[in-house]
Amino acid sequence: MLVIHKIQEISAYSKGTKQAGLTVAFVPTMGYLHAGHIQLIREARKRANRIIVSIFVNPLQFNDSEDLKNYPRNPERDLGLLREEDVDAVFMPEVRQIYTDEKPGTIISNPGLANKLCGISRPGHFEGVLFIVHNLFQWVQPDFAFFGLKDYQQQLMIRKMVNDLAMPVEIFSIPTIREEDGLAMSSRNARLNNSERSRSTLIFQSMMLVQNAIHENKNLTNSDAFLILHNSLHAGLSAEDRIDYFGIYDPQTLELAAADKPALGNLIAIALYIGKVRLIDNLLLV
Ligand code: AMP
């Protein structure tokens with residue numbers, strides 16, 4: 001497995017691979033890898049001849065400097081896991097190679113989607129995401145790129161960017177990998193203490209209450225679904241926790257879904273702070 005730090009070198013590796021007639025799949029991450037990341041890599045392996053994974057904690061997408069400072073990191077362990085998965089190349093650039101100025105002057109934005117859900121409480125977050133993903137795509141020029149549905153808004157905005165800018169890459173969105181009790185795997189889960197960890201299951205349980213209610217009544221409305229979520233979350237959270245947002249949304253526009261229409265086919269999205277740790281999750285209602 002190649003470990004590459006320089007932009008020119010990852011570009012040369014990818015270009016050489018493609019010139020040899022092989023396909024390249026790309027999995028961008030911020031490291032501290034878990035089973036969710038590994039799933040993306042395994043899906044990538046099914047599609048392409050060569051797999052490139054990037055590990056880069058992108059400062060531009062952190063609107064909170066404490067969150068950036070506390071973001072868990074363990075590159076040595078990550079490299080061990082990637083070797084076990086037979087990844088071909090890992091790209092680990094230094095921050096100063098990517099950001100020479102304090103903030104880049106050029107941004108890629110999609111205000112219509114960025115001003116929804118996570119973008120409301122994290123101003124600038126999605127501009128940071130699109131900036132780095134756009135640049136990584138330019139350098140790596142992958143045939144395929146893999147993202148998790150766990151970050152639903154992120155994969156939607158990346159798909160839109162790729163489509164709008166006619167970027168020559170095919171995007172794959174992979175279902176969320178969960179712990180046994182339903183908590184979506186996330187690098188941030190490592191920061192939960194025992195009591196926070198047990199409260200965190202409330203997110204999945206609340207979403208499943210809605211999903212089960214739809215199984216019993218496929219005409220369940222968005223307002224009924226919202227009430228189920230509301231009651232479940234408010235009953236289960238403790239005084240140290242805080243809700244950022246939750247609701248039932250149109251899965252394409254991320255607009256709040258009309259109250260009196262069926263919830264079936266819509267997206268539950270939830271973001272909350274369990275203690276100091278911000279967790280997000282979502283479920284497409286089927
Ligand atoms: P991150 O390192 O958190 O930036 O995540 C890197 C990629 O892994 C993103 O495309 C995430 O959506 C995806 N990912 C993170 N957690 C999960 C999960 N539990 N299941 C599936 N994909 C995930």
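We count ligands from 1, going down the list as the structure has it; atoms in each ligand are counted the same way.
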Within the 6.0 Å centroid threshold, strictly below: Y71 and Y32: no
Geometric class of the F172/F144 ring pair [parallel <30°, tilted 30-60°, perpendicular >60°]: perpendicular
First-shell residues of ligand 1 [heavy atom, distance under 4.0 Å]: P28, T29, M30, H34, G36, H37, L40, Y71, F147, G148, K150, D151, Q154, P175, T176, I177, M185
Proximity of Y99 and F131 rings by center, below 6.0 Å: yes
Non-neighbouring partners of H5 that pass ring-ring contact (aromatic ring centres under 6.0 Å, His included), sequence neighbours left out: none
With F137 via ring-ring contact (aromatic ring centres under 6.0 Å, His included) - residues at least two apart: none
All ring-ring contact (aromatic ring centres under 6.0 Å, His included) counterparts of F91, not counting sequence neighbours: none
